[in-house]
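Written out below as structure tokens is the structure these notes cover.
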Amino acid sequence: MTKQRIKIMVGDITTQNVDAIVNAANNSLAGGGGVDGAIHRAAGPNLVKESLLLAPCQTGEAKTTKGYALPAVWVIHTVGPIYHRHSPDKAAELLAAAYQNSLREAVRVGAKTVAFPAISTGVYAYPREEAAKIAVQAVADFLRHETSIEEVRLVCFSEDSAESHRAALKNMLG
Ligand code: ADP
């Protein structure tokens, strides 16, 4: 029931045909590099105008804007932890919170299909396999109690990243 709503794929999050995509943003919500830059380029200049009105966004929290030129109706901006700034336990807590607060935002705006990038696994240097386990577990824990979300896509940017997520989903208990 829960696991079936989680889809793991390799792709570009900016082209996903879903109600909401999640942006791995930074606290300033001013745009940046990596997936954040790609989302801002694809959405067009109105995205940063709206996101700056909502700034700052604390690590682990999430804020929603429209998707503008993107296929997605909404962009949910969340901020994952910079791995080395926290203890491993605290980093895990913040990463899980980023996923779950993003899904809370999706429910709030009525999004039924949501796509995530692998938050914090780029410049923020979260170890890939550890991050994949936390991502899959956090999403599954949320979906267990929330039936309005029909599909969560974990959109990986490499086959290695997708493999880590597939393994985490397979090994997940419950
Ligand atoms: P963070 O600062 O949270 O680490 P990054 O943007 O540096 O964010 O990286 C997060 C993840 O997003 C990385 O795994 C990176 O490979 C991936 N990524 C980069 N561009 C895209 C994209 N267009 N679609 C999906 N994932 C992407």
Side-chain angles (χ1 to χ4, degrees), residues 6-45 47-48 51 54-65 67-88 90-103 105-106 111 113-139 151-169:
I6 303 175
K7 305 269 187 288
I8 293 160
M9 60 188 71
V10 178
D12 179 347
I13 197 144
T14 64
T15 61
Q16 299 297 312
N17 248 309
V18 286
D19 297 329
I21 64 169
V22 176
N23 181 18
N26 53 51
N27 299 120
S28 73
L29 299 186
V35 73
D36 192 7
I39 289 171
H40 277 272
R41 279 193 299 278
L47 183 65
V48 75
S51 66
L54 304 173
C57 184
Q58 300 308 315
T59 304
E61 293 186 354
K63 299 195 175 182
T64 306
T65 64
Y68 299 96
L70 291 161
V73 180
W74 307 106
V75 179
I76 300 170
H77 305 261
T78 191
V79 183
I82 298 174
Y83 187 68
H84 294 106
R85 285 210 185 149
H86 307 278
S87 68
K90 185 67 185 174
E93 189 187 302
L94 289 167
L95 186 60
Y99 279 91
Q100 296 195 330
N101 286 326
S102 296
L103 288 169
E105 281 290 288
T113 53
V114 185
F116 281 90
I119 298 166
S120 284
T121 65
V123 172
Y124 284 6
Y126 211 110
R128 194 185 72 219
E129 293 198 1
E130 218 30 60
K133 283 183 206 161
I134 291 161
V136 165
Q137 190 70 54
V139 171
E151 182 180 323
V152 173
R153 294 184 194 171
L154 302 179
V155 181
C156 300
F157 212 43
S158 70
E159 187 51 46
D160 279 356
S161 173
E163 202 39 62
S164 300
H165 286 81
R166 284 188 206 109
L169 188 61

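Residue numbers run from 1 in the order of the sequence given. Whatever order the structure lists them in is the order used to number ligands and atoms, beginning at 1. Because the structure is predicted, anything quoted here is derived from the model rather than measured.
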For [atom], what's the nearest protein heavy-atom neighbour? Residue, atom name and distance, please.
{"atom": "atom 24 (N) of ligand 1", "answer": "Ile13 N, 3.0 Å"}
{"atom": "atom 8 (O) of ligand 1", "answer": "Ala24 CB, 4.0 Å"}
{"atom": "atom 15 (C) of ligand 1", "answer": "Phe157 CB, 4.3 Å"}
{"atom": "atom 7 (O) of ligand 1", "answer": "Val123 N, 2.9 Å"}
{"atom": "atom 3 (O) of ligand 1", "answer": "Ser120 N, 2.9 Å"}
{"atom": "atom 5 (P) of ligand 1", "answer": "Gly122 CA, 3.9 Å"}
{"atom": "atom 14 (O) of ligand 1", "answer": "Thr121 OG1, 2.7 Å"}
{"atom": "atom 6 (O) of ligand 1", "answer": "Val35 N, 2.8 Å"}

Notebook entry, point to check: Any donor-acceptor pair under 3.5 Å linking the side chain of Thr65 with the backbone of Ser51?
Noted result: no
Margin query: Tell me whether Asn101 contacts the main-chain N or O of Gly60 through its side chain, where contact means a donor paired with an acceptor under 3.5 Å.
Written below: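 Yes, Asn101 side chain to Gly60 backbone: donor-acceptor pair under 3.5 Å.
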Next item on the list: May I ask you to check if ligand 1 and Pro117 share an N or O to N or O distance below 3.5 Å?
Entry: no
Check: For Gly33 and ligand 1, does the shortest N/O to N/O distance drop below 3.5 Å?
Finding: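 Such a contact does not occur with ligand 1.
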Grab the two heavy atoms, one from [X] and one from [Y], that are nearest each other, plus how far apart they are.
{"X": "Thr78", "Y": "Ser102", "answer": "CB-OG, 3.3 Å"}
{"X": "Gln100", "Y": "Ala138", "answer": "NE2-O, 2.9 Å"}
{"X": "Gly80", "Y": "Ala98", "answer": "CA-CB, 4.4 Å"}
{"X": "Pro81", "Y": "His86", "answer": "CB-CD2, 3.8 Å"}

Check: Heavy atom of Ser161 under 4.0 Å from ligand 1?
Finding: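 Ser161 does not count as a contact of ligand 1 under the 4.0 Å cut-off.
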Note to self: I'd like to know if Ala118 contacts ligand 1, where contact means a heavy-atom distance under 4.0 Å to any ligand atom.
What the structure shows: yes
Next item on the list: Mind checking side-chain contact (heavy atoms from CB on, under 4.5 Å) for Glu151 and listing every partner two or more places apart, or none if nothing turns up?
Entry: Lys7, Thr113, Arg153
Next item on the list: Can you figure out which of Tyr83, Tyr124, Phe116 has its heavy atom closest to atom 2 (O) of ligand 1?
Entry: Tyr124
Checklist line | Under the ring-ring contact (aromatic ring centres under 6.0 Å, His included) test, residues paired with Tyr83 that sit two or more places apart | finding: Tyr126
Checklist line | Any side-chain donor near an acceptor of the partner, Ser158 and Asp160, under 3.5 Å | finding: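 Result is no, nothing qualifies.
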Item checked: Per-atom contacts, ligand 1 versus Gly34 - under 4.0 Å to a heavy atom ->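 Close to Gly34: 6 (O).
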Notebook entry, point to check: Going by the order shown, which atoms of ligand 1 are within less than 4.0 Å of some heavy atom of Asp12?
Noted result: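 Those qualifying, in numeric order: 22 (C), 23 (N), 24 (N).
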Item checked: Member of Asp12, Asn23, Ile13 meeting the side-chain contact (heavy atoms from CB on, under 4.5 Å) criterion with Pro117 -> Ile13
